[in-house]
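Shown next, in structure tokens, is the structure this report addresses.
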Amino acid sequence: MEVELLQNLPSEIVIEILSRLPIQTIKICKRVRDSWRDLIRTREFADSHLSKSVQGMVFCSEFINYGVFAFEDGLDLEDPERRYEQITSFDCSYFSISDAYYIFNPLTREYIEFPYEQRLLDIDFNGTVNYGFGVSKVSGLYKVVKTVRVKKSICHVYTLGTGKWRRIPAGPKLGENTNSSGAFLNGCLHWFVEDSKNPNLISCFDLETETFSTFPCPPSLSLYKRYQVVVALGGYLWICDNTDELVIAFWVMKEYGNEKSWTKEFVIRKRHPHCYGQPRGIVYPIKLFDDGHVLMTWEDEFNTFSEMYYYSNKTKTTAELNDSKVFGVSSGGSPMQAVPYTPSFVSLRSFPNEYVKSYKWF
């Protein structure tokens, strides 16, 4: 009777049910029934799942080994038995990251390669390059944005499915990509502006209209951006500021686009016994949980390595995280990175005019 019921349900109802399941369960469903597998491969399913997808994390060690994690519930790291399993992993040694950059979906294991311009590879190149990737809010078009600045800024946009770059009017001078990497929120990409005349601005690129605008950072924020980062987390735009010697400040724009809504949501004290991190370096929040806990990476002052830290809102303390114990991965003293990641089943093969390759190595 249950089998007949499932078989007779309209496809849109089955998609709605499947899209609410954990990723590991969805992967099992693909192997259970051919009809479910076919539905999961549709763009309708991908869009339905993405609208409900919970932000997770991609962990990278030695710039090669990547693990993808989904946070289905709260990250209770005060539970000594808490473990998180990878939903997938991949080895980047197959990719030539020194010659090209990629759009890669780890769930579908598909990628598109974009070779670097030759001038960006020249040893005497002395400029700033910024990238961003996101989807327009109304038309739902996925776009790559690239700005190159030497003496002046030049901006190009690539819309997936067109197979070509287009040059558009450039916006303001952008900051270094290390702490200003095109945070995607509300159909827009965001970078710090690097302008001595207007130093405390954020550049906003609307992926729908393909136009730049700016709005101010918090008025009391330091003009020195070396230890600041702008990120999108939990549906809000955040600035994490590690400039002060005593505290790390987390600013949130509570009403998007309203400069008066910037709020210093909380601070983390850096002195013993409250914190065991580095005094300087970029602090990059990975996940802000509903209970106020924060998962973050903490880069050393010289950009040579990062470690993962966990702030407990319960004890108001910060400690280095045993990533090997909790996530089953470890940098082992080697370079590591972690970035927020929202799992998506959107297939790159759904875009015409693209040379999509599949990644089979695990």
Side-chain angles (χ1 to χ4, degrees), residues 43 46-47 50 58 92 94-106 108-195 202-214 230 232 339 341-342 344 346-359:
R43 184 61 181 268
D47 291 340
L50 185 58
V58 173
C92 248
Y94 174 76
F95 299 106
S96 179
I97 57 176
S98 60
D99 299 321
Y101 56 101
Y102 302 83
I103 295 177
F104 177 53
N105 188 336
T108 64
R109 310 192 77 80
E110 300 165 337
Y111 67 92
I112 301 173
E113 179 179 327
F114 294 92
Y116 285 121
E117 298 174 51
Q118 184 55 48
R119 66 176 178 139
L120 304 183
L121 300 175
D122 292 342
I123 194 170
D124 57 350
F125 174 75
N126 186 25
T128 301
V129 183
N130 294 81
Y131 296 97
F133 177 64
V135 59
S136 57
K137 196 171 184 180
V138 178
S139 58
L141 297 176
Y142 286 78
K143 301 181 181 183
V144 182
V145 179
K146 176 181 63 177
T147 63
V148 179
R149 175 172 58 83
V150 183
K151 293 182 179 180
K152 65 176 183 178
S153 295
I154 298 174
C155 183
H156 287 85
V157 174
Y158 185 99
T159 302
L160 264 63
T162 64
K164 60 182 180 181
W165 290 93
R166 293 176 290 107
R167 182 169 175 176
I168 66 169
K173 186 189 301 183
L174 303 180
E176 293 290 337
N177 216 44
T178 52
N179 60 339
S180 183
S181 55
F184 174 68
L185 178 68
N186 201 38
C188 300
L189 297 169
H190 305 83
W191 298 268
F192 283 129
V193 172
E194 187 177 292
D195 187 342
I202 288 177
S203 176
C204 171
F205 181 78
D206 189 317
L207 289 163
E208 190 68 49
T209 62
E210 298 187 353
T211 55
F212 286 93
S213 60
T214 60
V230 55
V339 294
Y341 167 71
T342 302
S344 169
V346 174
S347 172
L348 295 178
R349 297 189 186 278
S350 65
F351 300 97
N353 305 310
E354 300 295 351
Y355 181 48
V356 180
K357 299 180 181 178
S358 295
Y359 183 70

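These numbers come from the heavy atoms of this one structure, side chains and all, not from hydrogens, waters or symmetry mates.
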Which value, rounded to the nearest 0.5 Å, describes the distance between [X] atom [atom1] and [Y] atom [atom2]?
{"X": "T128", "Y": "E194", "atom1": "OG1", "atom2": "CD", "value": "6.0 Å"}
{"X": "I168", "Y": "E210", "atom1": "CD1", "atom2": "CD", "value": "5.0 Å"}
{"X": "N105", "Y": "E110", "atom1": "CG", "atom2": "CD", "value": "7.0 Å"}

Taking it one step at a time, do D206 and S213 satisfy side chain to side chain contact (heavy atoms under 4.5 Å, CB included)? CA-CA 8 Å; D206 189 317; S213 60; over 6 Å; no
List the atom of [X], the atom of [Y], and the distance in Å for their closest heavy-atom pair.
{"X": "L185", "Y": "A232", "answer": "CB-CB, 3.9 Å"}
{"X": "P172", "Y": "S203", "answer": "CG-OG, 3.6 Å"}
{"X": "A170", "Y": "C155", "answer": "CA-CB, 4.0 Å"}
{"X": "E208", "Y": "K143", "answer": "O-NZ, 4.2 Å"}
{"X": "S344", "Y": "L50", "answer": "CB-CD1, 3.9 Å"}

4.5 Å side-chain heavy-atom contact, [X] and [Y]:
{"X": "K152", "Y": "K173", "answer": "no"}
{"X": "V145", "Y": "L207", "answer": "yes"}
{"X": "L348", "Y": "L160", "answer": "yes"}
{"X": "I202", "Y": "V230", "answer": "yes"}
{"X": "V144", "Y": "V157", "answer": "no"}
{"X": "F205", "Y": "L174", "answer": "no"}
{"X": "R149", "Y": "T147", "answer": "no"}

Determine whether R349 and S358 satisfy the following criterion, side chain to side chain donor-acceptor pair (under 3.5 Å), listing intermediate values before the conclusion. CA-CA 10 Å; R349 297 189 186 278; S358 295; 2.6 Å; yes
Apply side chain to side chain contact (heavy atoms under 4.5 Å, CB included) to K146 and Y101, showing your working. CA-CA 12 Å; K146 176 181 63 177; Y101 56 101; 4.0 Å; yes
Pair N186-K137, side chain to side chain donor-acceptor pair (under 3.5 Å): steps then yes or no: CA-CA 7 Å; N186 201 38; K137 196 171 184 180; 2.6 Å; yes
Applying side chain to side chain donor-acceptor pair (under 3.5 Å), run through T159 and T162 and close with a yes or a no. CA-CA 6 Å; T159 302; T162 64; 5.0 Å; no
Assert yes or no for the condition that the ring centre distance of Y142 to F351 is strictly below 6.0 Å.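 Ring centroids of Y142 and F351 are less than 6.0 Å from each other.
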Among Y158, F133, Y355, which residue meets the ring pair (Phe, Tyr, Trp, His ring centres under 6.0 Å) test with F114? Y158
For F184, all residues meeting ring-ring contact (aromatic ring centres under 6.0 Å, His included), sequence neighbours excluded: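 Expected list: none.
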Main chain of Y111, side chain of K357: is a donor-acceptor contact present, judged purely on distance under 3.5 Å?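 Checking the backbone N and O of Y111 against the side chain of K357, no donor-acceptor pair under 3.5 Å is found.
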How are the rings of W191 and F212 set to each other: parallel, tilted or perpendicular (split at 30° and 60°)?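 Ring orientation, 0 to 90° scale: tilted.
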Might you work through the side chain to side chain donor-acceptor pair (under 3.5 Å) test for S347 and R43, ending with a clear yes or no? CA-CA 8 Å; S347 172; R43 184 61 181 268; over 6 Å; no
Residue list, side chain to side chain contact (heavy atoms under 4.5 Å, CB included) with V58, at least two apart or on another chain: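 Once residues adjacent in sequence are excluded, the partners of V58 under the side chain to side chain contact (heavy atoms under 4.5 Å, CB included) criterion are Y66, V68, V339, Y341.
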